[in-house]
Amino acid sequence: MLLVLSEEHKEHLGFLSEVDSAVVGEFGRIAVEFLKKGSNPKIFEGAARKLNVPAESVQHGVEGLMYLLTESAKLMVSEGDFQDSVLVLGFSEELNQLLLQLYLENRKEIRQILGKLAPSLPHYHNLEWRLDVQVSSRALRQQLKPSVSLKLVLEDGESLRHLIQELERALAELKSSHCRRVLRNIK
Amino acid sequence: MELSESVMKGLQNVADPNVFDLKSFTIFTELVFDSLVSPQCESVLGHPELKHIDQTTLKHCHAAATTFILEGVKQNADKSTISSCLEDARFQIERVDLLYTSLQKNKTNLEYLLSSIDTCPPHITDAAWRLEYCIKNSHLHKVNQPSYLISLNTERGGASSEINFSCTMEQLQDLVGKMKDAAKSLERASQS
């Protein structure tokens, strides 16, 4: 299945042919990082200054790459179809190959990330069980009431992501200046 | 068995032939047990056979009798404990025997009633499942994967609710395997 790129998208990606292939490789790496961990607009400014181009061009280029990758991964575009879809951009053979490699290497992981966005119920993670016998209670002494307690551990995308975010925040705290001062004084 | 002054006074009234003649006592005893065991039963107050008794006294007697019975069941009191308590409240032997017989008759139901006064996690009462095959979603095409949707019905104190979750075939096998282990362990414990 061929990808149909909008005019705006083609324009944004057009910036990639104006820089050399090492830079495109770097943009590709940044695009994949952003897909995995979220975007960081500060990177655009740094890159723009080094290349002496407006930050917006860098942003459009990277975002254009991100969209190209996610759309191709979503539709599970074949190698041949990807090459044909990208032909319309009129890039050099070297650049086309670079983009193809970027797609093929990261397709599986991008599909996994996209999969988590889909609506879903909490997912089964584990079941723990325990056999209990109640021997007495406030209302009735001398009982023998067996029961099985089940602990159903479910995982949903949201709570897991949130958990990871919170723990990362906790780790970042250690690096804050206040914390470092305290640790220095304890030592 | 320790009983409060109010309960003892109530029991003394129940024992008193001037308040309850034998016939009224028999009906009263039956009504008291019914009120504990049956959810819908005739009320003690305003009962045609007990109308001749002062209603305030009747209410007090009912409270005392039910308290006494529940305490007895709660502590699994034996015949001599029950008898000595009732004799302290001036019960005649005949009335002690009548009450004790009704107590034995209703003991299992009363024990069940008391054991269900409990704080416990919700009980799983039912399970429903659905096997589906995902073709695609708005974020990803060509998913082509089967999955189960399980819905566990839980109940706690009359209120029911549901736990819904999805799982793959392997995870469902894991879940069922663990539940079978729990069941086997329960069976073994009940046999030993």
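Naming convention: chains lettered A, B, ... in sequence-line order (proteins, then strands); numbering from 1 in each chain. This structure is a prediction, so every number in the text was calculated from the model and none was measured.
Neither the backbone nor the side chain of A/Glu128 comes within contact range of chain B, judged by heavy atoms closer than 4.5 Å. Heavy atoms of A/Leu144 lying under 4.5 Å from chain B are absent altogether. Within the 4.5 angstrom heavy-atom criterion, only backbone atoms of A/Arg138 (N, CA, C, O) approach chain B. With a 4.5 angstrom heavy-atom cutoff, A/Pro146 touches chain B only via side-chain atoms.
In terms of heavy-atom proximity, A/Gln143 sits nearest to B/Ser115 at OE1-CB, 3.9 Å. Pairing each heavy atom of B/Leu186 with each of A/Val148, the nearest pair is CD2-CG2, 4.0 Å. The nearest pair of heavy atoms linking B/Leu140 to A/Arg111 is CD2-O, 3.3 Å. Across all non-hydrogen atoms, the minimal contact from B/Asn76 to A/Gln142 is ND2-OE1, 2.9 Å.
With a 4.5 Å cut-off on side-chain heavy atoms, A/Leu150 and B/Lys178 do not count as touching.
Note: B/His141 NE2 to A/Leu114 CG = 10.0 Å, rounded to the nearest 0.5 Å. Considering CG of A/Leu121 and OG of B/Ser147, their distance stands at 9.0 Å, rounded to 0.5 Å. One distance of note links CG of A/Leu154 with CD1 of B/Ile150; it measures 11.0 Å at 0.5 Å rounding. To the nearest 0.5 Å, the span separating OG on B/Ser166 from CD on A/Glu155 amounts to 10.5 Å. Between B/Leu172 atom CG and A/Tyr124 atom OH the span is 8.5 Å, to the nearest 0.5 Å. The structure places NZ of A/Lys145 at 7.0 Å from OG of B/Ser116, a figure rounded to the nearest 0.5 Å.
Criterion: ILVMFWY side-chain heavy atoms under 4.5 Å apart, direct or through other members. Under it, B/Phe91 and B/Leu22 are part of a common hydrophobic cluster. Under a hydrophobic-cluster definition in which Ile, Leu, Val, Met, Phe, Trp and Tyr are linked whenever side-chain heavy atoms come within less than 4.5 Å, directly or via other members, B/Trp129 and B/Met179 are assigned to the same cluster. Residues A/Leu104 and A/Tyr67 do not share a hydrophobic cluster, defined by chaining ILVMFWY side chains whose heavy atoms lie under 4.5 Å apart. Hydrophobic cluster membership differs between B/Tyr133 and B/Met169, with clusters built from Ile, Leu, Val, Met, Phe, Trp and Tyr side chains linked at under 4.5 angstrom.
Considering only heavy-atom pairs separated by less than 4.5 Å from chain A, the leading option among B/Val73, B/Leu114, B/Val143 is B/Leu114. Chain B forms more heavy-atom pairs under 4.5 Å with one residue of A/Arg130, A/His123, A/His125 than with any other, namely A/His123.
With B/Lys74 contributing its side chain and A/Ser137 its backbone, the two residues share no donor-acceptor pair below 3.5 Å.
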* **side-chain contact (heavy atoms from CB on, under 4.5 Å) between B/Leu175 and A/Leu152, worked out** => CA-CA 9 Å; B/Leu175 175 63; A/Leu152 184 61; 4.2 Å; yes
